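Atoms considered below: every heavy atom in the structure, side chains included; atoms not considered: hydrogens, waters and symmetry mates. Index from 1, following the sequence. This is a predicted model, so every value here is computed, not measured. Counting convention: from 1, in listed order, for ligands and their atoms alike.
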Amino acid sequence: MTNHSNPLDDPAADPFQVAQDAAAQIAEKTGVDRHDIALTLGSGWAKAADLIGETTATIPATEITGFSKPALEGHIGSLRSILLPSGKRALVIGARTHFYEDHGVRRVVHSVRTAAATGAKVMILTNGAGGIKETWTPGTPVLISDHINLTATSPLEGATFVDLTDLYSKRLRDLARTIDPDLDEGVYCQFRGPHYETPAEVQMAKTIGGHIVGMSTALEAIAARQSGMEVFGMSLITNLAAGIQKTPLSHAEVIDAGKAAEPVISALLAKIVAAI
Ligand code: 8IG
């Protein structure tokens with residue numbers, strides 16, 4: 001369903017101004033003027049919010065300008081302000097708008113632009129995804145080392161050229177490996193979805209250098225870099241990608257694998273956040 005009151009749906013609107021407005025509303029509602037770090041928690045990662053610090057405010061995302069209603073079970077539509085043990089402030093975004101929802105790429109990256117407007121210098125993007133490497137059993141967390149954007153679009157508008165070398169911060173990946181030396185990494189392919197890939201598409205992704213298949217993150221990472229943030233990405237492999245796994249993919253199984261892995265990966269992410 002289209003939310004006709006969303007200012008981002010007006011082509012004449014400036015998405016960065018809408019993000020500024022959203023950040024001002026977050027400051028007002030949380031009582032926190034600036035956030036230092038932002039996290040988008042995808043499926044399987046939500047529990048991390050409880051572990052990284054003390055939640056000082058929770059806001060339904062729909063109360064903040066530009067945000068959309070969550071489309072899907074397993075996706076919480078809230079924004080939380082969290083006080084970290086270090087004294088830093090984290091903004092946790094539990095409301096992701098996916099490209100496949102057809103609300104346009106401005107709405108997909110609004111949370112990231114809002115995070116930047118709140119002052120966040122680090123953007124942590126997490127997701128549930130399919131794995132191409134057969135050694136990644138469901139429940140394996142993987143660092144994102146780079147991405148291949150297969151959406152055929154960009155959050156950048158007009159002749160805006162943004163360098164994406166080292167988009168997924170080497171510094172932060174190295175830091176994550178000081179917490180868990182076993183963390184593997186891979187290249188994330190963002191497909192449009194909402195269908196999962198065919199086995200042939202998974203083979204294509206593998207051939208062009210991909211290791212992880214999903215429906216989020218790449219567009220958000222581009223927007224985060226445009227806004228000057230340092231990006232850290234992690235995928236929870238909830239299933240092997242189609243054709244790698246021999247049985248059909250079911251959304252219920254994906255949700256179950258996420259739930260089972262959640263305590264472990266949430267604790268891991270909390271430790272990484274504490275070290276940033
Ligand atoms: I969870 O296998 C999850 N999300 N595109 N493919 C794509 N997205 C996913 C998958 C998958 N698993």
Side-chain angles (χ1 to χ4, degrees), residues 39-48 70-77 93-103 105 108-109 111 124-153 168 183-222 233-266 268-269:
L39 300 92
T40 297
L41 298 180
S43 42
W45 296 90
K47 285 229 162 40
L72 190 75
E73 184 216 348
H75 297 245
I76 319 151
I93 300 157
R96 181 177 251 149
T97 298
H98 287 86
F99 185 55
Y100 59 67
E101 290 172 54
D102 275 335
H103 292 311
V105 72
V108 171
V109 301
S111 60
I124 297 180
L125 299 169
T126 64
N127 57 58
I132 295 179
K133 277 199 198 177
E134 284 176 60
T135 51
W136 292 343
T137 52
T140 305
V142 180
L143 299 171
I144 301 176
S145 59
D146 201 346
H147 79 221
I148 298 173
N149 171 14
L150 297 174
T151 64
T153 191
Y168 297 88
L183 275 172
D184 206 352
E185 64 179 30
V187 173
Y188 181 95
C189 295
Q190 180 174 359
F191 281 85
R192 183 197 178 278
H195 50 270
Y196 293 119
E197 298 69 38
T198 63
E201 287 164 345
V202 170
Q203 286 307 311
M204 175 195 76
K206 184 176 178 178
T207 301
I208 64 178
H211 307 105
I212 308 163
V213 286
M215 305 178 194
S216 67
T217 302
L219 295 172
E220 296 158 34
I222 295 167
M234 261 184 116
S235 291
L236 168 66
I237 304 300
T238 56
N239 58 277
L240 286 179
I244 307 284
Q245 167 177 303
K246 296 304 171 214
T247 53
L249 268 49
S250 94
H251 183 63
E253 272 178 66
V254 160
I255 296 283
D256 286 349
K259 284 210 175 96
E262 194 154 33
V264 179
I265 59 162
S266 296
L268 171 64
L269 184 57

Would you please test Thr97 and Glu220 for side-chain contact (heavy atoms from CB on, under 4.5 Å) and show each step?
-> CA-CA 10 Å; Thr97 298; Glu220 296 158 34; over 6 Å; no
Can you name the ring-ring contact (aromatic ring centres under 6.0 Å, His included) partners of Phe191, sequence neighbours left out?
-> none
Mark yes when over 12 heavy atoms from residues, nucleotides or ligands other than Lys206 sit less than 6.0 Å from its NZ; otherwise mark no.
-> no
Sequence-distant partners of Glu185, side chain to side chain contact (heavy atoms under 4.5 Å, CB included), two or more places apart | Leu143, Ser145, Arg173, Arg177
For ligand 1, what are the residues with a heavy-atom contact below 4.0 Å?
-> Gly128, Ala129, Gly130, Tyr196, Glu197, Val213, Gly214, Met215, Thr238, Asn239, Leu249, Val254
Arg192 CZ to His98 NE2 distance, which is reported to the nearest 0.5 Å = 12.0 Å
Donor-acceptor contacts, no H, no angles, side chain residues 233-240, under 3.5 Å, sequence neighbours left out:
{"residue": "Ser235", "atom": "OG", "partner": "Asn127", "partner atom": "OD1", "Å": "2.7"}

